[in-house]
Structures are given as structure tokens and as C-alpha cells.
Amino acid sequence: MTFAELWQELAPIGRDPGTGGYRRYSWTPADAQGRAWFTRHAEALGLSVEPDRNGNLWAWWGETRTGAIATGSHLDSVPDGGGYDGALGVASALAAVKMLKDKGFYPERAVVLALFTEEEGARFRVPCLGSRLMTGAVDPDTARSLAGDDGVTLAEAMTAAGADPVRLGPDDDLLGRLAAFVELHVEQGRALAPLDAVIGVAEGIWPHGRWRFDFGGRADHAGTARFADRNDPMLPYASTVLAARQVAAANGALATFGKVIAEPGGANGVSSSVRAWLDCRAPGGESLDQAFTAIHSAAADAAAAHGVTLTVSKESYTPLVRFDETLRDRITGVLAAAGTDAPVLPTGAGHDAGILAARIPTAMLFVRNPTGVSHSPAEEAHLADCEAGVRALALVLEDLAR
Ligand code: GLV
Ligand code: MN
Ligand code: MN
């Protein structure tokens with residue numbers, strides 16, 4: 001199948017007809033359809049598909065199972081995510097193998113296509129959960145008990161989907177069989193378009209943390225409770241949102257409250273609690289720590305001023321990632337030799353490649369996003385650019401696996 005045909009088949013899976021955004025959450029029926037799509041096409045290419053102990057899928061091409069060159073990405077999405085984030089890397093991996101097979105290439109080293117689970121952390125709150133479990137960056141017992149908004153734990157969701165949560169944990173055997181991982185991803189941001197470049201290569205990933213802020217107050221009547229008598233958690237929450245923006249802007253960081261739950265949720269009542277999630281990223285670990293500390297302290301001051309309690313818990317933290325320079329230079333060299341000038345770009349977006357980078361040489365290819373919008377139904381990439389991405393990935397795999 002060509003990239004366009006693969007893409008057309010994948011497009012409806014998990015797409016909400018109302019918003020046009022994707023709601024492809026881990027271990028749901030949409031996720032199962034995505035896994036089935038991947039397995040079907042990998043097997044049609046003659047690859048052998050195996051789940052690992054952490055719920056990721058691996059499709060192997062080639063006799064040997066050591067020194068393998070891995071590529072792939074994820075199919076899970078943020079709420080109402082775009083079609084390309086993750087999915088582009090998976091479809092491109094399948095299409096690149098097809099392209100290499102069609103030209104008669106047979107890999108000396110195995111090539112293996114990875115489908116990672118729960119990259120976004122949209123259901124169980126820890127991003128890159130599949131790769132974190134694999135590398136030992138998250139404790140398996142903690143992971144098993146992570147629960148989403150519906151109260152269902154990862155262990156329960158995996159079991160309901162027919163997967164076994166008992167074996168979750170570090171997978172040194174699998175990691176030891178991989179020589180390198182190259183993840184192709186849609187660009188998230190708009191750096192390539194002004195450079196008139198179609199393909200970019202990643203330099204590194206900003207450090208990134210997610211924290212949950214729980215503001216606790218007292219429910220009351222919106223029409224009768226005097227302001228002076230209220231303990232309204234919405235007010236310190238609102239101050240914290242504004243403070244986060246100011247702190248981040250002043251420190252060259254990014255801070256976002258993208259999710260908030262007010263309880264009990266009556267339009268005519270003061271809330272009893274506001275639970276909100278801060279996503280904060282910065283160019284370095286120190287600037288991230290400074291930004292978070294300042295936001296936390298603004299939240300604590302605002303909570304105290306309104307007689308509201310505050311509890312802050314860290315849900316995930318990913319340190320600065322620098323991708324392997326030797327691998328990056330080799331990739332830019334291979335692309336340059338084929339006439340593609342691929343700029344090297346930093347990014348603030350998290351990826352499984354960033355987690356695997358702690359253990360094996362890792363690199364990323366970015367495909368131009370004309371608007372730069374991502375984590376949104378408005379995310380875009382032109383078909384011709386996606387096809388150029390497939391060709392670039394095929395060149396890289398051919399070079400690394402020969
Ligand atoms: C994942 O896309 C992230 O950067 O949060
Ligand atoms: Mn994403
Ligand atoms: Mn992604």
C-alpha cells in the first residue's frame with residue numbers, strides 16, 4: 001500500500017465526527033483498531049509483529065534480532081488531537097519499509113517498527129508511558145495503579161483490552177537488541193516553512209514537567225454568599241493561570257493550564273474544589289525549576305489570600321534531551337547527499353525518542369507543518385511533504401541497516 005492509501009485507511013479511526021479531532025486513547029476500542037491496522041499492514045509486508053511486556057508493538061523485518069534499527073511512533077492522541085501527531089511516524093515507517101522492499105533492499109541489520117502506547121499521557125497522565133516503562137523511567141507498580149478521569153486504572157484497562165499488565169517493567173533484553181531509534185514526526189511549531197525546508201532533524205527536547213494543582217475551598221450559594229465570607233478556589237486558580245503566563249514569558253519558558261475540573265460544577269454555586277494541570281517547559285532544567293517554583297509560590301500566596309487549601313503533585317518530569325550527535329550528523333549527511341537540506345531544530349514537544357535517548361542512540365526527523373498548529377484538529381501536513389518524509393526515512397533506514 002502507498003502512504004496515501006495507508007493514511008486514508010487510518011484516518012477515520014478514533015476521529016470524532018463532531019470536532020474532527022482524534023480521541024484515540026490507549027486501551028480503548030479506537031486504540032485496538034489502530035493496533036489492528038498496524039498489525040495488518042506490517043504482516044502484509046512480511047514483518048513479524050510482537051507485543052513487548054509494556055503494551056508496545058514491534059514489527060520485525062530481517063533474520064537477526066540484534067543490532068536492530070528501530071523506527072515508529074504512536075497512534076494515541078490528546079483530546080481532539082490532530083491526525084498527524086504520532087500517526088505520521090507510524091504510517092511513514094510502514095510506507096518506508098514498502099518502498100525499500102519494492103526496490104529490492106534487504107536489511108543486513110534487522111529493521112523494527114515500533115508502535116508505542118500512551119505517548120500523550122492523555123488517559124493515564126504520564127506521557128510516553130510505554131517507553132518510560134521499557135527504559136525503567138517509571139515504576140511498574142506506580143504505572144499499574146495510574147487512573148484516568150473515569151477511575152479505571154492502567155492495569156484494569158489493559159486487562160479489559162486483553163493485554164497482561166503483570167509483566168510491565170524495564171525491558172533490557174529488547175533495548176539491548178536495538179542499535180538506534182529514528183522517529184519521524186510531524187513538526188509541532190513552525191520553523192521549517194520560513195526556511196523553505198520540508199524535512200528537519202531534531203537537536204534536542206526541552207525539559208518538561210506536568211503538575212496537578214488541587215485548590216480546596218467551600219461550596220456556597222452564588223446568589224447569597226457575601227464575597228467576604230467565601231472560600232472560592234476558582235479565584236486563586238485564576239490568579240495562578242495569569243501568574244504562570246507572566247512567569248513563563250519573563251523566563252523564556254512555556255506554561256499552560258490546559259485542563260481544569262471544578263467541582264461540584266454548578267453554574268449558580270461557588271466551587272468546593274478546582275483541580276487543574278500545569279504543563280511547564282523551558283530551554284533548560286534550571287529555568288524550568290525556576291519557572292515552576294515561581295508559579296507554585298504565586299499559587300500558594302493566592303490560595304492563602306482566599307482561605308483556600310493548595311496541594312501540588314508532580315505527575316511527570318522529563319529532563320533535557322540531547323539527541324545523539326553522531327547519528328544526527330550521519331542522517332543529515334545521508335539526506336544532503338540525496339539533495340535534501342534538513343535544518344537541525346530544537347523542540348519543546350515530548351516524544352518516545354526522547355525517553356529512549358537515555359539508553360540508545362536516537363534521532364528524529366520532522367515533516368513540515370505549514371501552520372505550526374498541533375494538538376488540535378487544525379494540525380496539518382501536505383501529502384507531498386509526508387511523501388518526502390517517507391522517502392527521507394527510507395534513505396535513513398537503508399543507510400543505517402545496510
Ligand atoms: C506530547 O506531544 C507533548 O509534548 O506533550
Ligand atoms: Mn503530542
Ligand atoms: Mn507525538
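Numbers here are sequence positions counted from 1. Quantities reported herein were computed from a predicted structural model and do not represent experimental measurements. Remember, it's 1-based here, ligands and their atoms both numbered in the order they're listed.
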**Item:** ligand 1 atoms in contact with His375 (distance to a heavy atom under 4.0 Å)
**Value:** 1 (C), 2 (O), 3 (C), 5 (O)
**Item:** Protein residue, atom and distance nearest to atom 5 (O) of ligand 1, heavy-atom basis
**Value:** Arg281 NH2, 2.8 Å
**Message:** For ligand 1, which is the ligand I care about here, please tell me if Ala349 has any N or O atom under 3.5 Å from one of the ligand's N or O atoms.
**Reply:** no
**Fill in**
In ligand 1, the atoms that come under 4.0 Å of a heavy atom of Gly350 are 1 (C), 2 (O), 3 (C), 4 (O)
**Asked** Are Phe38 and Trp58 close enough that their ring centres sit under 6.0 Å apart?
**Response** no
**Message:** So that I can tick it off, tell me whether Glu315 and Arg212 are bridged by a salt bridge, with the cut-off set at under 4.0 angstrom between side-chain N and carboxylate O.
**Reply:** yes
**Item:** Check: Phe213 ring centroid to Trp277 ring centroid under 6.0 Å
**Value:** no
**Prompt:** For atom 1 (C) of ligand 1, what's the nearest protein heavy atom and its distance?
**Reply:** Glu120 OE1, 3.2 Å
**Message:** Tell me if the centroids of the rings in Trp7 and Tyr84 come within less than 6.0 Å of each other.
**Reply:** yes
**Request:** Test side-chain contact (heavy atoms from CB on, under 4.5 Å) on His296 and Leu310 and set out the steps.
**Result:** CA-CA 10 Å; His296 188 184; Leu310 173 67; 4.2 Å; yes
**Message:** Under 6.0 Å from the ring centre and within 45 degrees of the ring axis: does the NZ or CZ of Lys101 meet both conditions for the six-membered ring of Phe105?
**Reply:** no
**Request:** Nearest 0.5 Å please: distance from the CG atom of Leu174 over to the CG atom of Leu178.
**Result:** 5.0 Å
**Complete:** Rounded to the nearest 0.5 Å, the CD atom of Glu63 sits from the OH atom of Tyr106 at a distance of 4.0 Å
**Message:** Restricting to under 2.8 Å, identify the protein N, O or S atoms around the Mn ion (ligand 3) as residue plus atom.
**Reply:** His74 NE2, Asp85 OD1, His185 NE2
**Fill in**
To the Mn ion (ligand 2), the closest N, O or S atom belonging to His375 is NE2
**Item:** Distance (rounded to the nearest 0.5 Å) between Thr142 OG1 and Leu129 CG
**Value:** 10.5 Å
